[in-house]
Amino acid sequence: MDARVGAGVTPFQTDAEATIRLAQRAEELGYARFGAAEGWTQDAVVVLTRIAVVTSRIGIATGVLSVWSRTPGALAMAAASLQGASGGRFALGLGASSPPLVEGLHGLTWQKPVDRMRTTLIAVRALLEGERLPLDREGVRPLRLGVPPPEPVPIHLAALAPASVRLAGELADHWLPFLWARSALDDGRALLAEGEAAAVSPRATGVTASVPLAVAESEEGARQLAAGWLLAYLTSMGPLYPRVLRDQFGFVREVDALLEANGGEGPPRLPPDAERLAREVTVMATYDEAPAAVREWLETGADAVDLVLPPGLPEQQHREMLEAATGAGAA
C-alpha cells in the first residue's frame with residue numbers, strides 16, 4: 001500500500017463501532033491514516049480516542065473539526081490528549097464547516113469564516129507550542145496548557161474558497177481540499193504559495209486531498225455512488241459547494257445535468273453530461289480499476305490522498321471498498 005494514501009469517514013457516519021472496526025481494517029491493509037469527521041452524529045474526538053486504543057501504527061486525524069464547535073482552548077486540549085493517547089500519531093484537522101451545521105446544531109451565527117479560522121489557528125498553534133493563549137483583554141491572565149502534547153501536533157486546514165486556501169498556506173501544515181477538481185490542484189498550490197509568502201515563518205504546505213470514494217463491483221454501481229456523493233453536497237451542505245463547483249471550477253453544465261437527472265424518485269443517477277465532474281472530484285472506478293484511479297490523484301499533484309467512505313452503506317461494503325483501493329480485494 002502506498003504510504004501516501006489514507007482513509008476516513010464522513011460526518012454522516014452514525015455507527016461508531018463500525019468506524020472503529022474500519023480503522024482497524026485500514027491499519028491491517030497498510031493505510032497511512034484514518035480520519036473521522038465531525039458533524040451532528042458522533043463526537044470525533046471520542047471516536048478517535050477509541051481508535052487510538054485499538055491500533056498501533058496507523059495515523060489518526062480529525063477530518064475535520066469545526067472551528068465553531070469548540071473554543072481554541074478545548075481544541076488544543078483535545079489535540080494534546082489525543083497525541084498522547086495515540087503515541088504521537090495524531091493530526092488536528094480543522095475547517096469552517098457550513099451554515100446549516102453551525103447555526104442548526106451549535107446555535108451560532110456563521111459569519112466571517114476566514115476570520116474565525118485565522119483566530120482559531122493562531123490560538124491553537126500557540127497553545128500546542130507551549131505558549132499562552134493570545135488574548136488582549138483587560139484584567140484577564142492568559143493561560144497555557146497544563147499538559148502540552150508529547151510531540152508536535154500537525155495542523156491541517158480544510159479550505160475551498162481562495163482566501164481560505166491562502167490561509168492554509170500561511171498558518172497550516174497541510175491543506176485538505178475536498179471536492180476540489182483534480183485538474184485544478186496546481187491552482188490550489190498557487191494560492192498556498194501566496195499564503196506562505198505572507199507567513200511569519202514561511203514553510204512548505206503539504207496537500208492532502210480528501211477524495212470521495214466511489215468504487216463498486218460494476219461501473220454502474222460506481223456511477224451511482226459518485227452521483228450520491230455529489231447530490232449530497234450540492235443540495236444539503238450549504239451554498240459553498242455548489243458555488244465552488246459551478247463558479248470556481250466551471251462545472252455549470254455538469255451540475256445542472258446532474259440535478260435535472262435526479263429530480264424525481266429512485267437511486268442517484270449520473271448522466272453522461274455530468275461524468276466529467278464525477279471523474280474530476282471523486283475516485284469513481286470499478287474494484288479492479290480502483291488502485292489505478294487512486295494513483296491518478298497522486299500523479300496529478302497531491303502529496304497524499306485520503307479516501308473518504310460514502311455514508312449509508314453496510315460495513316461489509318465499506319470493507320470491500322477499502323480492500324479494492326489497495327488491490328487487496330483482487331488478491
Side-chain angles (χ1 to χ4, degrees), residues 5-15 18-19 21-23 25-26 29 31 34-37 39 41 63 177-182 209-237 241-242 244-245 249 251 254-297 300 302 305-330:
V5 180
V9 295
T10 73
F12 305 110
Q13 178 78 350
T14 59
D15 188 341
T19 297
R21 289 190 293 268
L22 288 169
R25 182 57 179 146
L29 290 167
Y31 281 88
F34 192 89
T41 56
F178 178 74
L179 287 183
W180 186 277
R182 179 158 44 93
S210 295
V211 186
L213 188 59
V215 299
E217 284 189 291
S218 68
E219 181 180 350
E220 183 54 36
R223 294 175 69 89
Q224 184 174 319
L225 287 174
W229 270 115
L230 293 167
L231 288 167
Y233 280 84
L234 285 170
T235 63
S236 304
M237 297 299 286
Y241 292 102
V244 167
L245 293 176
F249 296 138
F251 293 120
E254 290 83 357
V255 168
D256 289 347
L258 180 69
L259 295 176
E260 183 178 349
N262 291 276
E265 300 295 325
R269 177 172 172 266
L270 183 72
D273 283 348
E275 182 169 334
R276 186 171 74 96
L277 168 61
R279 295 200 181 279
E280 278 280 317
V281 302
T282 74
V283 171
M284 183 178 71
T286 64
Y287 283 166
D288 289 341
E289 300 165 340
V294 173
R295 285 196 299 273
E296 286 181 356
W297 276 88
T300 304
V305 173
D306 285 344
L307 305 175
V308 187
L309 293 165
L313 298 182
E315 180 183 347
Q316 181 57 36
Q317 188 172 352
H318 278 156
R319 293 172 69 92
E320 291 174 2
M321 294 172 76
L322 288 175
E323 291 163 2
T326 68

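Below, all heavy atoms of this structure are taken into account, side chains as well, without hydrogens, waters or symmetry copies.
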Study note, to complete from the structure: Rounded to the nearest 0.5 Å, the CH2 atom of Trp297 sits from the OG1 atom of Thr282 at a distance of 8.0 Å

Check your understanding: Is the closest side-chain heavy-atom distance between Gln13 and Thr41 below 4.5 Å?
Key -> no

Review point. Between Met284 and Trp229, is any pair of side-chain heavy atoms under 4.5 Å apart?
Key: no

Study note, to complete from the structure: Tightest non-hydrogen contact, residues Phe178 and Val308, listed as CE1-CG2, 4.3 Å

Revision key, fill the gap. Looking only at heavy atoms, the pair that brings Ala293 and Ala285 closest together is CB-CB, 3.9 Å

Review point. Would you call Pro212 and Val281 a side-chain contact if the rule is heavy atoms closer than 4.5 Å?
Key: no

Exercise for review: Could you check if a side-chain atom of Glu254 sits within less than 4.5 angstrom of a side-chain atom of Leu230, using non-hydrogen atoms only?
Suggested key: no

Review point. For the atom pair CD (Glu220) and CG (Leu225), what is the distance rounded to the nearest 0.5 Å?
Key: 10.0 Å

Practice item. Using atom types as modelled and distance alone, determine if a side-chain donor or acceptor of Tyr233 lies under 3.5 Å from a backbone N or O of Leu179. Key: no

Practice item. Using modelled atom types only, decide if a donor and an acceptor are shared between the side chain of Gln317 and the backbone of Pro314 within a distance under 3.5 Å. Key: no

Practice item. Mind running side-chain contact (heavy atoms from CB on, under 4.5 Å) on Tyr287 and Met321 for me, showing each step along the way? Key: CA-CA 7 Å; Tyr287 283 166; Met321 294 172 76; 4.1 Å; yes

Review point. For the residue pair Gly228 and Pro268, what are the closest heavy atoms and their distance?
Key: N-CB, 3.6 Å

Review point. In Å and rounded to the nearest 0.5 Å, what is the CZ to CZ distance from Phe249 to Arg276?
Key: 11.5 Å

Review point. Got a donor-acceptor contact below 3.5 angstrom from the His318 side chain to the Pro310 backbone?
Key: yes

Study note, to complete from the structure: salt bridge (charged side-chain N to carboxylate O under 4.0 Å, His left out) pairs touching residues 255-272, sequence neighbours excluded, are Arg246-Asp256

Check your understanding: Would a 4.5 Å heavy-atom cut-off, applied to side chains only, mark Leu258 and Leu270 as touching?
Key -> yes

Practice item. Indicate the atoms forming the closest heavy-atom contact of Ala181 with Phe251, along with that distance. Key: CB-CE1, 4.1 Å

Check your understanding: Does some side-chain heavy atom of Arg25 sit less than 4.5 Å from a side-chain heavy atom of Glu323?
Key -> yes

Exercise for review: For residues 221-233, pull every pair meeting salt bridge (charged side-chain N to carboxylate O under 4.0 Å, His left out), keeping only residues two or more places apart or in separate chains.
Suggested key: Arg223-Glu275

Practice item. Working to the nearest 0.5 Å, report the span between CG of Leu313 and CZ of Arg319. Key: 14.5 Å

Point to revise | Closest contact, heavy atoms only, Glu315 versus Ala18 | key: OE1-CB, 3.6 Å

Check your understanding: Roughly how far, to the nearest 0.5 Å, is the CG atom of Leu309 from the CG atom of Leu322?
Key -> 4.5 Å

Point to revise | Side-chain heavy-atom pair Leu231, Leu259 within 4.5 angstrom cut-off | key: yes

Point to revise | side-chain contact (heavy atoms from CB on, under 4.5 Å) assessment of Phe34 paired with Val9 | key: CA-CA 8 Å; Phe34 192 89; Val9 295; 3.9 Å; yes

**Study point:** Least distance between heavy atoms, Ala226 atom then Ala278 atom
**Key:** CB-CB, 4.1 Å

Review point. Is Leu245 close to Leu234 at the side-chain level, that is, under 4.5 Å between some pair of heavy atoms?
Key: yes

